[in-house]
Protein chains: 2
Amino acid sequence: MTENTDLKEYWENKPRLLPNVSIDCVIFGFHDNQLKILLLKYKNTEYYALPGGFINLEEDLSDAALRVLEERTGLRDIYLEQFHVFGKTDRRYDETHRQIMAGNGITMKPNHFLMNRFISIGYYALIDLSKAAPKPDGLSDTCDWYDLYKIPSLIFDHNEILQKALETLRLALDEKLVGFNLLPETFTINEIQKLYETVLNEKLVRSNFQRKILSLGILERIEKKMTGAANKAPYLYKFIGE
Amino acid sequence: MTENTDLKEYWENKPRLLPNVSIDCVIFGFHDNQLKILLLKYKNTEYYALPGGFINLEEDLSDAALRVLEERTGLRDIYLEQFHVFGKTDRRYDETHRQIMAGNGITMKPNHFLMNRFISIGYYALIDLSKAAPKPDGLSDTCDWYDLYKIPSLIFDHNEILQKALETLRLALDEKLVGFNLLPETFTINEIQKLYETVLNEKLVRSNFQRKILSLGILERIEKKMTGAANKAPYLYKFIGE
DNA sequence: GCAAAAGTGTTCAAAGTACACCCATGT
DNA sequence: ACATGGGTGTACTTTGAACACTTTTGC
C-alpha cells in the first residue's frame with residue numbers, strides 16, 4: 001500500500017477523531033533577528049495555513065498539540081501554551097476544504113466529517129528556528145517559515161488566530177522566557193534584546209534592557225564570546241539550571 | 001406534553017449539539033463581603049456541579065456560554081470570559097452521568113451521547129449576587145450560592161476548573177473591574193476593597209487602596225451616603241459612564 | 001588612537017508601602 | 001467629648017526610563 005493510498009483512505013473516511021474540534025498551532029521561530037511563523041501551503045492551491053490537526057479519541061488535548069508540533073518540526077518536549085478557543089458558527093469552510101482535497105486528488109463526500117462547523121483550540125509554541133526541520137503534512141507541499149510582518153493571507157480565520165497568539169505572547173514574554181526554546185544553548189544579552197524587540201515590534205534601550213533582563217534572575221553568566229569584531233566582547237549566558 | 005416528558009425526550013435522544021464538547025461556567029457572585037459561587041445539586045444525589053451546558057450546532061461558543069449564564073441566573077449582557085479548555089482523555093464520566101440521569105428517572109442507553117469523552121471550555125462571570133435569580137436546570141433540584149472558601153467536593157474535575165478560574169480572576173481583577181457586574185449601581189470604596197480582599201484572600205491597607213482604586217480613573221464620585229453610623233459618611237461612587 | 005559595542009553609574013520620575021493626621025458623624 | 005470609620009498628607013522605598021561614562025576589542 002503506497003503512502004498516497006493511506007492518505008486517500010484516511011481522508012475519504014471518517015477517522016477516529018474527536019468530531020468538530022481542531023487544533024491550530026502558531027509556531028514562532030526566531031532567527032537572524034527575525035521572528036518567523038511556520039505555515040503550510042496546500043498542494044496545487046494558493047492556500048496558506050497554520051499547522052493544525054485533530055484530536056484522537058484516546059489522546060489528551062495537550063498531547064495532540066504536542067504531536068502536531070512534532071509532526072511539523074521534529075521537535076519534542078517543547079513548551080506549548082493554549083491561548084484561545086475560536087468557536088463562531090461560521091467556522092465552517094466546506095468549499096475551501098473541498099479545494100484543498102481536490103488539490104490532492106481526493107473527492108469528498110457531502111457528509112464528510114470536515115463538512116461541518118468546527119471549533120478550534122489555539123496553541124502557541126516558541127522555538128529556536130535553527131533546531132526545527134519543517135516537514136509538510138500529507139496535504140501540503142511546503143512547510144516553511146514566514147516573516148511575522150510579511151504574512152500572506154491565510155485560510156479560514158487563521159490570520160485572526162495568529163493575531164491573538166501574538167498578543168498573548170507579548171503579554172507573557174517575561175514569565176515564559178525560561179521555558180522557551182527560542183534561543184540556542186548559550187546566547188548574549190543582545191540576542192535576547194533583539195528577540196524582545198522583534199516580538200514587541202519596538203526599540204528598547206540597551207543599557208536598561210540589560211539590567212531588566214538580568215534582574216529576572218534566570219540567567220547565568222558564562223565565559224566571554226570573542227566575536228572577532230572590533231569591540232568589547234560580550235558575555236555568553238545560559239538559563240540557570242540548564 | 002408535560003415538562004417532564006420533554007426532559008426525558010431530550011436526554012434520552014441525541015440532541016442537535018456539538019458532540020464531545022461542553023461548557024462550564026464559574027459564576028462568581030459578591031455579597032455581604034463574601035465571594036460566592038453558583039452550584040447545582042442534582043436531584044436525588046449528593047452531586048454538586050458547576051452550571052454547564054452544551055453548544056447548539058448553530059450557536060456561537062460565546063453565545064452558548066451567555067445562554068447558560070442566563071438560564072441559571074436570569075441575567076443578560078453579562079461580562080463572560082473564556083479562561084481554559086480542559087481536555088484530558090479521562091474526562092469521561094459514564095457512571096456519574098448514569099447516576100445523575102437515574103436520579104431523574106431517565107435510563108441512558110449505552111451509546112448515549114454523554115457516554116463519551118468530553119472536552120470542556122471554561123468561562124467565568126462576575127455578577128452582583130443580589131441581582132441574580134438562581135434557577136436549577138431540569139436535572140437538578142437546587143441552584144444556590146456557596147461560599148468560595150467552603151466549596152463541597154464537586155463532580156468530574158469541577159474543583160480543578162473552579163481553581164483555575166479563580167487564579168485567572170485574581171490576575172485580571174484590575175483590568176476587568178469595569179466590565180464586572182459584581183457590585184450594585186453605586187457603592188463605597190470600602191465595598192470594593194472588601195471585594196478585592198475576598199477575591200485575593202488577603203488584607204489590604206485602607207488608605208493606599210483608596211488611592212490605587214481611584215487612580216484607575218474608572219470611578220465617579222456621587223453624593224455622600226449617610227449610613228446612620230457614628231462616623232464620617234463615605235462617598236458613593238459609580239463606574240464612569242454608567 | 002579610534003570606532004564600535006558591552007557593561008556600569010547617575011539621575012529623575014512614577015508607583016507602591018507604611019503610617020500619621022485630620023474630618024465628619026451619632027451617641 | 002469621643003469613638004469610629006472615611007479621606008488626605010507625608011515620607012520612604014522600589015521600579016523604571018533617560019542618558020552619560022567607562023571598558024574592551026580589532027584595526
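We name chains A, B, ... by the order of the sequence lines, and we start the count at 1 in each one.
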First of A:K232 and B:R211 reached from the 5' end of DNA chain D, by closest nucleotide: B:R211
Gap between atom CZ of B:R91 and atom CG of B:N20 - 0.5 Å precision: 11.0 Å
OG on B:S62 to CZ on A:F86, rounded to 0.5 Å: 12.0 Å
Whether A:F239 and A:F187 hold their rings parallel, tilted or perpendicular, with breakpoints at 30° and 60°: tilted
For chain B, the stretch of DNA chain D it reaches, first to last nucleotide, under 4.0 Å of its heavy atoms: D:dA3 to D:dT10
Counterpart residues, salt bridge (Lys or Arg N to Asp or Glu O under 4.0 Å), relative to A:D147 (two or more places apart): none
Under the salt bridge (Lys or Arg N to Asp or Glu O under 4.0 Å) test, residues paired with B:R92 that sit two or more places apart: B:D94
Interface residues of residues 191-209 of chain A with DNA chain D (non-hydrogen, below 4.0 angstrom): A:S207, A:N208
Covered region of DNA chain C, 5' end to 3' end, by chain A [heavy atoms, under 4.0 Å]: C:dA3 to C:dT10
Terminal helix-axis angle for the helix from C:dG1-D:dC27 to C:dT27-D:dA1, with five pairs defining each axis and rounding to 10 degrees: 20°
Any pair counted as salt bridge (charged side-chain N to carboxylate O under 4.0 Å, His left out), so long as it reaches residues 175-192 of chain A, sequence neighbours left out: A:E81-A:K176
Residue pairs passing the salt bridge (charged side-chain N to carboxylate O under 4.0 Å, His left out) test where at least one lies in residues 192-209 of chain B, sequence neighbours excluded: B:E197-B:K203
Suppose we screen for side-chain contact (heavy atoms from CB on, under 4.5 Å). Which residues come up paired with [X], at least two apart in sequence or across chains?
X: A:K135; answer: none
X: A:A125; answer: A:L69, A:I78, A:L80
X: A:K36; answer: A:Q34, A:L129, A:W145

Charged N-O contact under 4.0 Å between A:D174 and A:K212: yes
Near-ring test B:Y146/B:Y48, centroid separation under 6.0 angstrom: yes
5' priority, DNA chain C, between A:R221 and B:A230 [closest heavy atom]: A:R221
Selection residues 159-171 of chain A - residue pairs positive for side chain to side chain donor-acceptor pair (under 3.5 Å), sequence neighbours left out: A:Y149-A:R170
